[in-house]
Amino acid sequence: MKARHAGPFSICLFAAATSCGGDGPETAEAPSYTQTRPSFTARAGADASTSIRFTDVTAAAGIDFVHATGAFGEKWMPETMGSGVIVLDYDGDDRPDLFFINSTGWEGHAEDRGATSLLLRNLGDGTFRDVTREAGLARPIYGMGGAAADYDADGDTDLYVTAVGDNRLYRNDGGRFTDVTRETGTEGNAPGAADPAWSTAAAWFDADGDGWLDLLVCNYVDWTPATDLFFTRDGVNKSYATPEEYDGESCRLLRNEPAPGGGTETAPTSARRFRDVTAESGFENPEGKSLGIVIDDFTGDGLPDVAIANDTYQNFLYRNEGDGTFVDVALDAGVAFDEFGRARAGMGVDVGDILNRGQLSIAIGNFSNEPVSLFTQIQAGLFQDLAGSARLTRSTLLPLTFGLRFADFDLDRYVDLVLGNGHIEPEIEAIQGDVTFAQPPQLFRNNGRGGFEDAGALVGGGFDEPIVARGVATLDYDRDGDLDLVISTNGGPAKLFRNDLEPGPGWVRLRLEGAAPNLGAIGATVRVFVGDEAQRFVVSTASSYLSQSEANPVLAGLGGGARADSVVVVWPGGARTVTGPVEAGAALTIRE
């Protein structure tokens, strides 16, 4: 096993953009692990008010998407689990587009047969246009989630969609998508499996350090229509089953390799295919019932690690060993179970630095009567659930949380937390009177001292409207310098909430251009310094539940400051680029 360490590392700070290695001057240190429990000291100006104002602009933006479940009365388990939403720039015009994943009807049943997902092109005037058919994506599939990235290094964003059954890889050829699933070997099933898997979350990242984006596909449970079981909550009527009734399915890691005769490891080419390396990489675990993925450097060694939220099974935290293999250290790290040693029903997952001190927090949405988890680093390699001290437990106990996202909605430089809630059982209120099927989303404002204040009643928009939320994603769709919010629902309409933040906080927008073959800089870490404090961002395709947010460009709030004093980018290969100062309102492109 390769020797590892998790100490602080130095960064170079210059007034102009530059790239530096070990020989450069060291004038500042990036945040590193704190060896003690965080001390939650107050910051000036923290209070219970908020300047965030959301407006439901779904109809005005031209978004008309209703998720199809295919339900026909038998209450098959997948019907209540979808679906997600993916933010991507499919046409390269620097505006975030939206892909809503749909679930077509079941074979032999008329309900929702032929329903397709929806690709909406951002027109730049606050509206979207349906381009699904012209882009080649009007293809029925019982979809769940997915992830978008430029896997073949040809300069445009490709799209992977997970499903009940074979998944789909759509290669983007200048704005039109081609199904290349079979020729690339990306169905997502275990080799030799008798039945296709039920796949959920997916993520692109460079797992083996060769520069090419590999594909991690998480699978849920071993369910098929033929193996559907009777499950009841009231002792009489059939209800939607929970995962305890079924065996789990292992996640699959697919390594991006050159197709035979299709180029080399260093020469970009569209001739790529994927090889299942699940067993040899250490990801093989048939007990997993996985629904959410987040990728970050949880050990401080510069390598991407993987946290996976499991439903009624212990969570995973895969440490990257630096040689293409991973080891699950969740139990030792304290993120496998809750404080009572029980596995919760984990759904979506995200990671953030809630105090801007280099201590990462993993938030996981859980089932009703299980509060949100907030596993926070208390020392190198060790986490503790601090949801209680962060004042998240009571407010999140009854809702069933699927999607969730850390995001700085008020641009005060501290990440807030938004939750998408909704139950799986339409009749739950008749069985459990204090829980409803449709539930309003929740927004918790970061108070800057380690706690969160429930601001849902203050932000307007649709936050007082009960919905059956699933996917949650953030983006600045109107390019006005604040983060907007898109939420997908189960069996209902999608929602777009425009952030009408009161002017004044200030922001900078940072677009990263990586070196080939990782042109989108997936895995890069960005620190935006104002004074000696840094807000941290990671360019990632994984977060929330079945969904993907806009991660590149990075939108960083300045907390009222006139400029960012410096910006430090650590590229996936370890090189560093530093620039600054960057004036408020500036849009800057940083190239590797």
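Taking OG1 of Thr474 as the reference point, atom CZ of Arg405 lies at 4.0 Å (rounded to 0.5 Å). Atom OG1 of Thr178 sits about 8.5 Å away from atom CG of Asn172, to the nearest 0.5 Å. Put simply, CG on Leu253 and CZ on Arg255 are 9.5 Å apart, with the number rounded to the nearest 0.5 Å. Annotation: the span from Asp158 atom CG to Phe177 atom CZ amounts to 7.0 Å, rounded to 0.5 Å. The line from CZ of Arg273 to OG1 of Thr186 is 9.0 Å long, rounded to the nearest 0.5 Å. Between atom CE of residue Met81 and atom CH2 of residue Trp223 there is a gap of 12.0 Å, rounded to the nearest 0.5 Å.
Heavy-atom minimum distance, Glu465 versus Pro441: O-CD, 3.7 Å. Here the shortest heavy-atom pairing between Ile86 and Ala148 reads CG2-CB, 4.0 Å. The shortest heavy-atom contact between Asn446 and Asp416 is N-OD1, 2.9 Å. The shortest non-hydrogen separation linking Ile467 to Ile487 is CD1-CG2, 4.1 Å. Looking at every heavy atom in both residues, Leu374 comes nearest to Leu392 through CD2-CD1, 4.1 Å. Heavy-atom minimum distance, Phe406 versus Ile354: CE2-CG2, 3.8 Å.
Contact check for Thr184 versus Arg272: no side-chain heavy atoms found under the 4.5 Å cut-off. Using a 4.5 Å heavy-atom threshold, the side chains of Tyr142 and Pro78 count as touching. Taking 4.5 Å as the limit, every side-chain heavy atom of Gln548 sits out of range of all side-chain heavy atoms of Ser543. Put simply, the side chain of Arg139 reaches to within 4.5 Å of the side chain of Asp179, judged on heavy atoms. Side chains of Val415 and Phe409 form no contact here, defined as non-hydrogen atoms less than 4.5 Å apart. In this structure the side chain of Ser250 reaches within 4.5 angstrom of the side chain of Thr278, judged on heavy atoms. The side-chain heavy atoms of Phe444 and Leu419, taken from C-beta on, include a pair separated by under 4.5 Å. Looking at Val164 and Met144, their side chains come closer than 4.5 Å, going by heavy atoms from C-beta outward.
When atom types are taken as modelled, the side chain of Asp112 and the backbone of Ala115 share no donor-acceptor pair closer than 3.5 angstrom. Of the possible polar contacts, one joining the Asn256 side chain to the Leu213 backbone as a donor-acceptor pair under 3.5 Å is found. Using a distance-only test at 3.5 Å, with no hydrogens or angles considered, no donor-acceptor pair links the side chain of Thr489 to the main chain of Ala469. Judged by distance alone, with hydrogens and angles left aside, the side-chain atoms of Thr541 form a donor-acceptor pair with the main-chain N or O of Trp204 at under 3.5 Å. A donor-acceptor pair under 3.5 Å is formed between the side chain of Ser488 and the backbone N or O of Ser83. A distance-only check finds a donor-acceptor pair linking the side chain of Ser389 to the backbone of Leu386 [under 3.5 Å]. For Asp206 (side chain) and Gly211 (main-chain N/O), a donor-acceptor pair under 3.5 Å exists by modelled atom type. The backbone N or O of Thr200 lies less than 3.5 Å from a partner atom in the side chain of Thr162, making a donor-acceptor pair. When atom types are taken as modelled, the side chain of Asn490 and the backbone of Gly82 share a donor-acceptor pair closer than 3.5 angstrom. The backbone N or O of Phe375 sits nowhere less than 3.5 Å from a side-chain atom of Ser373 that would complete a donor-acceptor pair.
Environment of CZ in Arg275: crowded, with over 12 heavy atoms of neighbouring residues, nucleotides or ligands closer than 6.0 Å. Within 6.0 Å of CG in Asn369 there are more than 12 heavy atoms belonging to other residues, nucleotides or ligands.
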For Glu107 and Arg113, run salt bridge (charged side-chain N to carboxylate O under 4.0 Å, His left out): C-alpha distance rounded to whole Å, both residues' side-chain angles, the deciding distance at 0.1 Å, then the answer. CA-CA 8 Å; Glu107 186 175 352; Arg113 289 297 286 173; 5.8 Å; no
Decide side-chain contact (heavy atoms from CB on, under 4.5 Å) for Phe205 and Leu216; before the verdict, give the C-alpha distance in whole Å, the side-chain angles of both, and the deciding distance to 0.1 Å. CA-CA 8 Å; Phe205 78 117; Leu216 180 62; 4.0 Å; yes
Using the side-chain contact (heavy atoms from CB on, under 4.5 Å) rule, take Leu119 and Leu88 through it: C-alpha gap first, then chi angles, then the decisive distance, then the call. CA-CA 10 Å; Leu119 178 63; Leu88 75 164; 4.3 Å; yes
Could you walk me through whether Lys289 and Glu244 pass salt bridge (charged side-chain N to carboxylate O under 4.0 Å, His left out), step by step? CA-CA 9 Å; Lys289 300 177 180 181; Glu244 295 101 326; over 6 Å; no
When you look at Glu321 and Arg319, which way does the salt bridge (charged side-chain N to carboxylate O under 4.0 Å, His left out) test go after all the steps? CA-CA 6 Å; Glu321 297 297 287; Arg319 186 183 66 199; 2.7 Å; yes
Go through the steps for Asn310 and Ser290 under the test side chain to side chain donor-acceptor pair (under 3.5 Å), then give the verdict. CA-CA 4 Å; Asn310 285 306; Ser290 304; 2.7 Å; yes
Go through it in stages, so that I can follow the logic: the residues are Trp106 and Glu79, the test is side chain to side chain donor-acceptor pair (under 3.5 Å), and I'd like the CA-CA distance, side-chain angles, deciding distance and then a yes or no. CA-CA 10 Å; Trp106 301 107; Glu79 294 165 358; 3.1 Å; yes
Going through the distances and angles, do Asp166 and Asn189 end up as a side-chain contact (heavy atoms from CB on, under 4.5 Å)? CA-CA 7 Å; Asp166 290 342; Asn189 306 315; 2.8 Å; yes
Decide side-chain contact (heavy atoms from CB on, under 4.5 Å) for Asp214 and Leu254; before the verdict, give the C-alpha distance in whole Å, the side-chain angles of both, and the deciding distance to 0.1 Å. CA-CA 6 Å; Asp214 307 300; Leu254 308 179; over 6 Å; no
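For an aromatic pair to be called close, the ring centres must be under 6.0 Å apart, and Tyr545 with Phe402 satisfies this. Residues Phe437 and His423 place their aromatic rings such that the two centres sit no closer than 6.0 Å. Aromatic pair Tyr170/Tyr160: centroids not less than 6.0 angstrom apart. Taking the six-membered ring where the residue is Trp, the centroids of Phe231 and Tyr240 are separated by 6.0 Å or more. The aromatic ring centres of Phe274 and Tyr151 sit less than 6.0 Å apart. Aromatic rings of Phe463 and Phe497 (six-membered ring for Trp) have centroids within the 6.0 Å cut-off, being under it.
By the 4.0 Å N-to-carboxylate-O rule, Glu427 lies too far from Arg233 to be salt-bridged with it. With respect to Arg536 and Asp296, a salt bridge is recorded, a charged nitrogen being found less than 4.0 Å from a carboxylate O. A salt bridge between Glu187 and Arg182 is present, with a side-chain N of the basic residue lying under 4.0 Å from a carboxylate O of the acidic one. By the 4.0 Å N-to-carboxylate-O rule, Glu370 lies too far from Arg344 to be salt-bridged with it.
Among Thr227, Asp228, Asp222, the one residue that satisfies the side chain to side chain donor-acceptor pair (under 3.5 Å) test with Thr224 is Thr227.
Ring geometry for Phe65 versus His67: interplanar angle of 30 to 60°, hence tilted. Between Phe326 and Phe283, the ring planes are tilted. Angles from 30° to 60° get that label.
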